[in-house]
Amino acid sequence: MAEMHPGKTAYFEGEYIPVEQAKISVMTHAFNYGTGLFEGIRGYYSAEEDNILIFRLKEHVDRFVRNFRILCMEIPESFEDIERICIELVRRSGFREGVYIRPICYKSELSLGPTLKGVKSSLCCYVIKLGDYCDTQAGLDVAVSSWRRLSDNAIPSRVKATGSYLNSSLAATEAKQAGFHEAIFLREDGTVAEGSAMNMFMVHDGKLFTTPPTADILVGITRNTVIQLAREQLGLEVIERPIARTELYVCDELFFCGTGAQVAPVRSVDRRMLRNGEPGPITRRLQEVYFDVVQGKVPQYRHWCTSVF
Ligand code: PMP
């Protein structure tokens with residue numbers, strides 16, 4: 001779990017205010033019913049540019065505002081306002097290291113009853129310092145969870161909703177209590193979905209496989225980045241298709257990816273070592289390219305990085 005070192009300023013109720021004053025009521029709809037929607041966006045410190053580069057800010061804001069439709073959310077802030085608020089908060093934080101930006105759109109009305117339509121929504125946002133969220137070097141020991149991934153017709157995983165993270169918390173807690181680093185969710189049909197807060201890729205015979213956007217996953221920005229980098233930089237074939245549990249035991253390489261997780265190799269699944277337990281060559285290569293790209297070092301993808309200062 002990441003410790004919180006917040007920037008001094010938060011965005012709350014249309015204003016920039018001291019973070020400790022950004023508070024909601026116990027009666028807030030979102031607190032009572034989990035009706036919040038959020039994003040997690042990373043900014044990387046580039047020593048070369050002495051700047052913080054926010055990674056794929058547009059794509060995060062795009063996913064965020066598209067999902068407003070699912071949760072019937074309307075707020076006064078525009079797409080461009082949300083981008084500006086994210087940048088401004090990093091600027092005001094004064095941090096010269098890795099940051100994580102958390103915009104949340106939430107049902108802010110003090111009202112009773114689990115409904116969405118006609119309940120007022122508001123935007124808030126804060127920034128914290130963030131280094132590694134999970135180990136990206138040694139390889140993670142993961143377990144298939146006994147908890148099933150939320151299904152699209154129950155609570156859609158496509159929406160990064162605050163309430164959905166109860167599902168993630170149950171799986172991550174079970175895995176950690178049993179001595180694993182992370183969990184892998186299966187869907188109700190028994191095929192693979194994703195990790196508790198990250199997407200998953202499998203390498204088999206030199207090809208890259210990941211579960212499709214219809215597999216009860218959050219369609220990750222990092223996932224999309226990895227797919228594009230694998231095709232364009234490594235010349236790999238990338239296949240989106242359902243993945244069966246036991247494919248995870250017999251594949252060549254496995255890794256998680258996400259804004260928090262970045263690109264994190266997996267070394268064992270349900271105590272079955274993958275190969276020799278060392279991160280595989282394709283995972284390593286993708287990881288190298290990914291870290292270069294997020295630090296603005298690859299001109300072809302420099303447009304994915306927004307300079308803060
Ligand atoms: N799945 C879940 C459940 C997540 O919480 C995250 C983290 N946001 C991801 C996947 C990865 O998404 P992204 O790459 O957009 O951060």
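In each ligand, atom 1 is the first atom listed, and ligand 1 is the first ligand listed. Along the sequence shown, the residues carry numbers beginning at 1.
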> So, H29 and E109: side-chain donor and acceptor under 3.5 Å apart, yes or no?
Replying inline: no
>> Given the ring of Y45, does R96 sit roughly above its face, with NZ or CZ under 6.0 Å from the centre of the six-membered ring and within 45° of the axis?
In response: no
> Near G258, which atoms of ligand 1 are under 4.0 Å from a heavy atom of that residue?
Replying inline: 11 (C), 14 (O), 16 (O)
>> Using a plain distance cutoff, I'd like to know if G40 has any nitrogen or oxygen under 3.5 Å from a nitrogen or oxygen of ligand 1.
In response: no
> Purely on distance, is any nitrogen or oxygen of S168 under 3.5 Å from one on ligand 1?
Replying inline: no
>> In terms of relative ring orientation, are F68 and F64 parallel, tilted or perpendicular, with 30° and 60° separating the classes?
In response: perpendicular
>> List ligand 1 atoms under 4.0 Å from E194, heavy atoms only on the residue side.
In response: 1 (N), 2 (C), 3 (C), 10 (C)
> Between M198 and ligand 1, which part of the residue brings a heavy atom under 4.0 Å of the ligand: side chain, backbone, both or neither?
Replying inline: backbone
> Which option out of I217, T222, D216, I221 puts a heavy atom nearest to atom 15 (O) of ligand 1?
Replying inline: I221
>> Looking only at protein heavy atoms, which one is nearest to atom 8 (N) of ligand 1, and what is the separation?
In response: K160 NZ, 2.8 Å
> Counting each atom of ligand 1 from 1 as listed, which ones have a heavy atom of N199 under 4.0 Å away?
Replying inline: 10 (C), 11 (C)
>> Need the ligand 1 atom indices (1-based, order shown) with element for anything under 4.0 Å from a heavy-atom of R149.
In response: 3 (C)
> Relative to the heavy atoms of G220, which atoms of ligand 1 are at a distance of less than 4.0 Å?
Replying inline: 12 (O), 13 (P), 14 (O), 15 (O)
>> Suppose I only count heavy atoms of A197 and a 4.0 Å limit; which atoms of ligand 1 are within that range?
In response: 1 (N), 2 (C), 3 (C), 4 (C), 5 (O), 6 (C), 7 (C), 9 (C)
>> Quiz question: by atom type and distance under 3.5 Å, do the side chains of N167 and S164 form a donor-acceptor pair?
In response: no
> Going by distance alone, is a donor N or O of one side chain under 3.5 Å from an acceptor N or O of the other, for S46 and N51?
Replying inline: no
> Would you find a donor on one side and an acceptor on the other, under 3.5 Å apart, between the side chain of N67 and the backbone of L37?
Replying inline: no
> Looking at Y16, does the NZ or CZ of R92 lie under 6.0 angstrom from its six-membered ring centre and within 45 degrees of the ring axis?
Replying inline: yes
> Does an N or O from T259, backbone or side chain, lie closer than 3.5 Å to an N or O of ligand 1?
Replying inline: yes
> Does S196 come within less than 4.0 Å of ligand 1, judged by its heavy atoms?
Replying inline: yes
>> Just by distance, no angles: are the side chains of S146 and E174 close enough, under 3.5 Å, to form a donor-acceptor pair?
In response: yes
> Do S151 and R187 have a side chain donor and acceptor closer than 3.5 Å?
Replying inline: no
> Below 4.0 Å from any atom of ligand 1, is there a heavy atom belonging to E39?
Replying inline: no
>> Below 30° counts as parallel, above 60° as perpendicular, anything between as tilted: where do the rings of F55 and Y290 land?
In response: perpendicular
> Is R158 near ligand 1, meaning one of its heavy atoms is under 4.0 Å from it?
Replying inline: no
> In the protein, which heavy atom is nearest to atom 5 (O) of ligand 1, and how far is it?
Replying inline: Y165 OH, 2.4 Å
